[in-house]
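We name chains A, B, ... by the order of the sequence lines, and we start the count at 1 in each one. Scope of the values below: all heavy atoms of this structure, side chains included, with no hydrogens, waters or symmetry mates.
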Amino acid sequence: MTRYFTDKLAKYIVFISGFTAVVILLLIALFILREGLPAFSEIGVFDFIFGNVWRPGIDQYGILSMIVGSIAVTIVSMIMAVPLGIACAILLAEVAPSKVRNILRPAVELLVGIPSVVYGLVGLVLLVPIVSNIGGSGFSILTASIVLMVMVLPTIISISEDSIRAIPASYREGALALGATKWQTIKGVILPAAKSGIGAGVVLGMGRAIGETMAMIMVIGNSIAFPNSLLDAARTLTGNIALEINYATGTHESALFATGVVLFVFILLLNSVATVFLKRGSNAQRLG
Amino acid sequence: MTEYNLNGQTCRGDKIKAKNLNFYYGSFQALRDINLDIPGCAITAIIGPSGCGKSSFLRLLNRMNDLIYGSRIEGTIELDGKNIFDKEVDVVDLRKNVGMVFQKPNPFPISIFDNIAFGPKQHGKKSKIELEEIVENSLKKAALWDEVKDKLGQSALALSGGQQQRLCIARVLSVEPQVILMDEPCSALDPMATLKIEDLMRTLAKNYTIIIVTHNMQQAARVSDTTAFFMMEPDRAGSLVEYGLTSEIFTNPKDKRTEDYITGRFG
Amino acid sequence: MLNVSAKQTQKLAMAGIWGGGVITLLLLIVIIGYVLLQGLPGINWEFLTTNPKGGLSGEGGILSTVVSTLYLIGITLVLLVPIGIGSAVYLSEYAPNNRLTRIIRYGIETLAGIPSIIFGLFGYALFVTVLSFNFSILSGALTLVCLLLPTMITTTEEALKAVSYSYREAALALGTTKWQMISRIVLPSAIPGIVTAVILCIGRAIGETACLYVTMGGSAAMPSSLLEGGRTLSLHVFYLAMETNAMDKAMATAAVLIIIIILINALTNLLAGRFQKRLKGIS
């Protein structure tokens, strides 16, 4: 009965491939932890995270300045990207006629597709000289944040747009029928109803920002000094790993994996927050 | 064993036999204590208001409900004296033997020929000549051959709704079942197409056991030999109210509820 | 009754909203326009068909990087497509609604959110070091498979879910086994959607850098085996911009990338449209 054999075999094969992603996730966690643990035990968790000198040559491994660098670019880019992204999402979901949508939506999709090195390159050639006119070398947290803003825009726009679209038409009609203006409807009814989804979009955008590597390396200057202003150069956690992993050995190598562990924890936290937002969003819609 | 004399031949009165049948979706009971003997070589109509479990019952006969997660069956359904829920029964063979036509015509998005040849191919028939013969015969039996013989290579989706449904019937015939289940096969069709399917059913009844679930009481009266009337109990579980020859059910119902339903007092 | 201030707020707000759209569009136009303006003049036959000189020299073309990119994508797809489709088939056709399935879905979601450089670290530890594939196209491809798997699975699963349930019923009711139903009816009907998933992954593979930067080595030479290092187009842009002064070559290479991405986006949109139409014709 070959077809029953095939049927069983196929079932087992797809069952196994169904697990691949989970296995990879576990392997990633396992390898990063295994390689990073020696650094944590040798340097000490506290000294590693709150130490602010990174000098592999003299066995000093503190990543505070990079944590600050990563958080700084994430926050500054978000300050710029969130209002812009939400405006764009409202435009796409509520305001724009279909002609405009048909231009804007592919444009947003294209922004997702552009490789991060191309963003880095444009930042390097176009933006660095402009920022250097304000002060400093131009390789700075500000430059990196502007580049990141463009890169996270699509994430914020598409998730916010989806959550605005998911709001039942009856909400809108209810408000408009009361004589509210379009903006009053958006502000008073639509945005509050969509706020969980928009929150998730913002948090996922933060995840993308904190994980970005190549474009950051190209425009942030990669300085290991502690940054004191937005015009200072800095280094991100991601950049630290990418720049040094290929020649590092011993504790230095382990310290880079430990940097990965810290980054991993940041990402897991952000993802959990996003999940909570999304759950709350779908619950709210179910109740409505 | 009861025997019927229907369609000019003597038929086994219990081709299909449901005994003490209960069916649950999770904790919800969809069918309660169904006992029903369905004769072979005849058309049995199952009627009743929406939600009375008639489709659930039909889908038990070829075990399509196996696909529903959390469903549970008590009791037996025998086909030719053999319980179809037995462990050793091969559900794939059962479905080959008990074909099904669905509410909405659902031809595959491939050519007319490939739609009909699909079943036989899966059951191991490979030669082109054999397949061509099966396709032609099945389409002829489904009274569709003359309309499509020149365009067998075209997409089945290009056919009209009525033609699509007859194609689906031909597709069922291609695997040579004994029983054909029809789940409101005409509900998506216009009156002319409906009449054609009904004519076809009458022709097929000479060789196949047909069970049709229908909302349309005129249809049940027109095409069926026997009729079963299902209704919901207060807890929404479906049960069999009355069963008998169609002529009797429609002219002289024994149960008050049957009479109310067929005279249109509810449902 | 509307008072004047509500009207004025409305006007102001709408101006802000439209402003957001205009700025986004302008950003895109500036980026793409700038790269194309600066890069297109540098693209010619010689640029496309000679190898880069490598090292600190920015001279030469991009031939070996194109070849490396193609090799990389080739191996990646050989592994990614079957695993991705298998996984998607499991989730859409077999997976019961239980805790195990929720764990699998959670795993896929989490994997999708992990930054490229973490995949790079993992690939470096496992493929480059433990399995000693060294810095090579193979190490890069294996890392890329891990990175792209969530995208491939979710997009394929959507394509499978879009196939009408009635086909599945019809096939099973004809007495097919579940696998016959999946392999003969569901997968063929979903092919346009699966192709879209593959193209999407190719697009991401072309743009990916961080995880490859730490696993592929970055040699500019023409690769002669999969166990040799290589440099993709994207990596080439990075090396040119950071290690040489050849900004014109970097821009030209970036322009090639942008053109490829525009074509890929157009293709996926076209295919997605077709797929929708085809499924609509059915229902």
Name the option with the most non-hydrogen atom pairs under 4.5 Å to chain A; the candidates are [options].
| options | result |
| --- | --- |
| I182(C), I206(C), L100(C) | L100(C) |
| A125(C), G21(C), G107(C), A254(C) | A125(C) |
| T268(C), I117(C), L91(C) | I117(C) |
| T215(C), T209(C), I17(C), L233(C) | I17(C) |
| L126(C), I108(C), I23(C), I31(C) | L126(C) |

At a heavy-atom separation under 4.5 Å, does [X] approach chain C through its side chain, its backbone, both, or neither?
| X | result |
| --- | --- |
| L256(A) | backbone |
| N271(A) | side chain |
| L124(A) | side chain |
| K11(A) | both |
| F257(A) | both |
| I86(A) | neither |
| M216(A) | neither |
| R208(A) | neither |
| V100(A) | side chain |

Between [X] and chain A, which part of the residue has a heavy atom less than 4.5 Å away: side chain, backbone, both or neither?
| X | answer |
| --- | --- |
| V128(C) | neither |
| V214(C) | both |
| I32(C) | side chain |
| V22(C) | neither |
| L149(C) | side chain |
| L121(C) | both |
| I258(C) | side chain |

Nearest-0.5 Å distance, [atom1] of residue [X] to [atom2] of residue [Y]:
| X | Y | atom1 | atom2 | answer |
| --- | --- | --- | --- | --- |
| F264(A) | T110(C) | CZ | OG1 | 8.0 Å |
| E94(A) | M14(C) | CD | CE | 9.0 Å |
| I262(C) | E109(A) | CD1 | CD | 13.0 Å |
| L153(A) | L28(C) | CG | CG | 10.5 Å |
| T24(C) | L91(A) | OG1 | CG | 8.5 Å |
| F122(C) | I32(A) | CZ | CD1 | 8.0 Å |

_Exceeds 12 heavy-atom contacts within 6.0 angstrom, atom OH of Y106(C)_ = no
*Has N245(C) got more than 12 heavy atoms of other residues, nucleotides or ligands less than 6.0 Å from its CG?*
no
As an exercise: rank [options] by heavy-atom pairs under 4.5 Å with chain C and give me the winner.
| options | value |
| --- | --- |
| V261(A), I217(A), V108(A), L268(A) | I217(A) |
| V122(A), V22(A), I28(A), I24(A) | I28(A) |
| L30(A), V14(A), T20(A) | V14(A) |
| L9(A), V150(A), V125(A) | V125(A) |
| A242(A), G113(A), A274(A), G260(A) | A242(A) |
| I241(A), V23(A), L104(A), L121(A) | L121(A) |

Check [X] against [Y] and note the closest heavy-atom contact, atom names and distance.
| X | Y | answer |
| --- | --- | --- |
| Q10(C) | K182(A) | OE1-N, 3.3 Å |
| S87(C) | G18(A) | OG-CA, 3.4 Å |
| A21(A) | I153(C) | CB-CD1, 4.3 Å |
| I261(C) | I114(A) | CG2-N, 4.2 Å |
| I245(A) | Y124(C) | O-OH, 3.5 Å |
| I114(C) | I267(A) | CA-CG2, 4.4 Å |

*Kindly determine whether N246(A) and F135(C) satisfy side chain to side chain contact (heavy atoms under 4.5 Å, CB included), including the steps that lead there.*
CA-CA 9 Å; N246(A) 282 358; F135(C) 293 110; 3.6 Å; yes
*Given L126(A) and V30(C), is the side chain to side chain contact (heavy atoms under 4.5 Å, CB included) satisfied, shown in steps?*
CA-CA 10 Å; L126(A) 206 58; V30(C) 166; 4.1 Å; yes
*Would you call the rings of Y90(C) and F15(A) parallel, tilted or perpendicular if under 30° counts as parallel and over 60° as perpendicular?*
perpendicular
